[in-house]
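No experiment lies behind these values; they were computed from the predicted model shown. Excluded from the calculations below are hydrogen atoms, water molecules and symmetry mates; all remaining heavy atoms, backbone and side chain alike, are included. Naming: A, B, ... by sequence-line order, numbering from 1 per chain.
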Amino acid sequence: MRLEALVRTAVGEVLSSWSVPTSVAIPVERPARPEHGDLSTRVAFALSRLRDAPPPQVAAELAAALASREEFQSVEAAGGFVNCFFRPGAVHAVLRQALADGARYGHGEEGRGRTVQVEFVSSNPTGPLTIGHLRQAALGDVVASLYSELGWRCVREYYLNDEGRQMELLAQSLWARYRQVLGAAEPIPEGGYHGDYLAAIGEELAGAWGDAYPVWDEVARARFRDAAVTRMMEMIHEDLDAIGVRFDVWTKEGELHRRGLVQEALEELKKRNAVYEKDGALWLASTAHGLARDPVLVRSDGTPTYTLVDIAYHLDKVRRGFDLVVDVQGADHVDEQRQVQLALKLLGVREGFLRYCLHQFVTLKGERGIQRMSTRAGRFLRLKDLVAEVGRDVARYFMVMRKPGSHLVFDYDLARNTSMENPVYYVQYAHTRIASVFREAEKVGAVPADLPGVDLSPLDDRRELDMIKELDRFPEVVRSAAHEFAPHHLCEYLEGLSGLFHPYYAHVRVLGQGPATPARLALLAGVKLVLGRGLAILGVSAPEAM
RNA sequence: GCGCCCGUAGCUCAGAGGAUAGAGCGCUGGCCUGCGGAGCCAGAGGUCGCAGGUUCAAAUCCUGCCGGGCGUACCA
């Protein structure tokens with residue numbers, strides 16, 4: 001980021017001496033091939049018309065004007081590209097700054113004074129969390145952490161659907177299990193929940209309550225519903241603890257009803273003429289605004305739908321004063337998302353207030369085979385059990401190492417592999433190795449007291465400079481990962497940095513190398529700092545020893 | 001049928017207008033007794049699903065097909 005700014009500034013100064021308007025963007029990129037420089041710009045292509053000269057000529061003129069600057073070793077024109085090679089001193093300055101910044105390195109200011117709410121998981125309390133929820137849990141948690149890095153205040157929120165038909169079915173399913181334990185041939189209701197976890201709870205309740213609820217009446221309904229929700233929440237908390245996700249706020253659907261927000265949202269929509277009646281139900285007029293279908297807001301029996309409650313909930317988020325709301329949801333929610341976005345727009349909520357982080361589903365590969373999971377059918381891998389097998393670090397990392405919009409195949413065998421073939425260990429082990437070097441250095445008193453003040457000029461090896469240039473990218477990686485909801489960029493970055501470090505470590509000795517030793521220790525400290533910070537954002541531990 | 005997402009190395013995936021398309025795993029070959037070793041180096045492997053189009057420049061943008069996922073509920 002710092003190096004990019006150097007190029008941008010240098011090019012900008014030349015352009016302004018050429019009286020090029022400042023509106024001309026200066027694209028700066030990292031060439032794929034080292035012979036194309038540390039950084040390059042293709043601004044000459046855009047300038048070609050303005051300067052009335054072919055791109056190669058403009059590039060040559062620009063390169064000539066830049067070559068004399070002290071930060072560059074050399075600047076070359078190649079076709080329309082201008083390739084910049086930095087002097088080692090300019091690169092060293094990046095490391096020095098990173099070490100001086102310490103834990104603040106990469107921390108941004110854009111969110112200062114602003115609050116983002118990230119809503120995720122929000123699974124119905126109808127069963128424990130599964131590997132399917134894991135992707136969302138990890139994704140939401142990391143997106144929140146990324147925004148924190150950018151200086152935003154973050155609220156992690158879980159929306160709890162503790163009302164409605166599904167809860168009814170859950171309660172009745174539990175009651176059926178309870179009856180079965182007591183010897184009745186009570187079937188699980190149609191569309192009910194078949195998981196073993198309800199059988200276990202049913203057995204407990206039978207022991208505690210005996211035959212007190214022989215029929216499915218109002219009393220039983222209330223009793224079993226309470227018991228079911230309480231138990232489900234316990235399980236969900238266990239699962240969240242297992243992967244280290246904590247929520248700041250839990251919002252229950254019931255509260256939205258009690259506070260009159262649902263009714264209010266409906267009234268507001270009616271005022272905007274966005275609601276019409278048909279077949280005894282109330283519908284949102286979405287097709288009039290280009291959507292594929294109109295959703296029902298109030299059923300003909302007078303009960304509100306999920307969509308209406310969802311709209312009410314988001315209206316409440318507006319009132320709560322968040323500057324940005326991010327909802328992490330699965331691909332099955334796209335249609336719903338459009339409806340909510342439309343409703344908010346009709347209600348005058350500013351565009352961009354609500355952004356969705358959409359993710360595709362997870363399939364399992366490995367000894368368990370690829371299988372389709374279903375909580376309802378009782379066919380799933382519980383999150384807690386998965387974490388017990390592969391560990392929290394691997395579970396979290398694997399869930400965010402792919403682009404959210406891509407399907408994710410969870411490679412069970414790779415996840416359980418504890419060698420460096422597993423990317424998580426590959427990154428963690430880089431951190432550990434450095435920690436180990438410092439332990440050794442400590443023993444011989446080789447650790448400099450003032451790392452940022454160390455003379456870095458011995459760092460002249462290509463691999464050393466490459467690592468520092470990689471450190472330079474960290475702030476930008478964090479920024480783009482946050483804005484694009486793309487934590488996988490951070491994973492790839494960490495793997496890439498580790499991939500520079502490991503070979504270096506294998507070939508270059510640090511201790512006992514005279515003046516090179518403090519410089520190399522400073523370099524390693526920088527790498528360790530960034531690896532540690534990156535892993536922390538991912539919620540993955542950065543061990544000092546493994 | 002319609003809408004959205006996805007088709008890139010054998011596998012899992014990056015790359016979202018720029019230079020010779022990348023990584024990890026797997027495969028092939030070669031190294032490693034010092035410290036701090038859950039090792040290192042090299043190589044093979046691709047008509048970027050197919051066909052058109054736009055552009056000086058397309059994996060990337062547009063159109064149409066083919067294949068997969070999700071949705072298309074008075075479920076949540």
Students often get this wrong, so: under 4.0 angstrom with heavy atoms, is [X] touching a base, only sugar-phosphate, or nothing?
| X | result |
| --- | --- |
| A:Leu408 | sugar-phosphate |
| A:Pro503 | sugar-phosphate |
| A:Val510 | base |
| A:Ala281 | base |
| A:Gln428 | nothing |
| A:Asp310 | nothing |
| A:Arg42 | base |
| A:Glu336 | base |

Between [X] and [N], does any side-chain N or O lie under 4.0 Å from OP1 or OP2?
| X | N | result |
| --- | --- | --- |
| A:Tyr306 | B:rC75 | no |
| A:His359 | B:rC5 | no |
| A:Arg299 | B:rA76 | yes |
| A:Lys403 | B:rG15 | yes |
| A:Arg165 | B:rC75 | yes |
| A:Ser406 | B:rA14 | yes |
| A:Arg33 | B:rA21 | no |
| A:His502 | B:rA38 | no |

Just compare [options] and give me whichever is closest to any side-chain atom of [X].
| X | options | result |
| --- | --- | --- |
| A:Glu35 | B:rC74, B:rU20, B:rC56 | B:rU20 |
| A:Phe81 | B:rG37, B:rG15, B:rG18 | B:rG18 |
| A:Thr418 | B:rG18, B:rA14, B:rA38 | B:rA38 |
| A:Ser40 | B:rA38, B:rC5, B:rA19 | B:rA19 |

Discussion item. Would you call the rings of A:Tyr158 and A:Trp250 parallel, tilted or perpendicular, taking 30° and 60° as the class edges?
Written reply: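 Parallel.
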Item to complete: Salt-bridge test for A:Arg42 and A:Glu29: reply yes if a basic N is under 4.0 Å from a carboxylate O, no otherwise.
Response: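 Here A:Arg42 pairs with A:Glu29 in a salt bridge, since their nearest N and O are under 4.0 Å apart.
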Worksheet item: Is a donor-acceptor pair below 3.5 Å formed from side chain A:Asn83 to base B:rA19, judging by atom type as modelled?
Response: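 Checked by distance alone, the answer is yes.
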Discussion item. If you go through the side-chain atoms of A:Ser300, does one of them form a donor-acceptor pair with the base of B:rC74 closer than 3.5 Å?
Written reply: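 Donor-acceptor pair under 3.5 Å: yes.
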Worksheet item: Has A:Lys278 got its NZ or CZ under 6.0 Å from the middle of the six-membered ring of A:Tyr276, at an angle within 45 degrees of the ring axis?
Response: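 The answer is no, since A:Lys278 fails at least one limit relative to A:Tyr276.
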Worksheet entry | Ring-ring centroid check A:Phe485 A:His359, cutoff 6.0 Å |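 Ring centres of A:His359 and A:Phe485 not closer than 6.0 Å.
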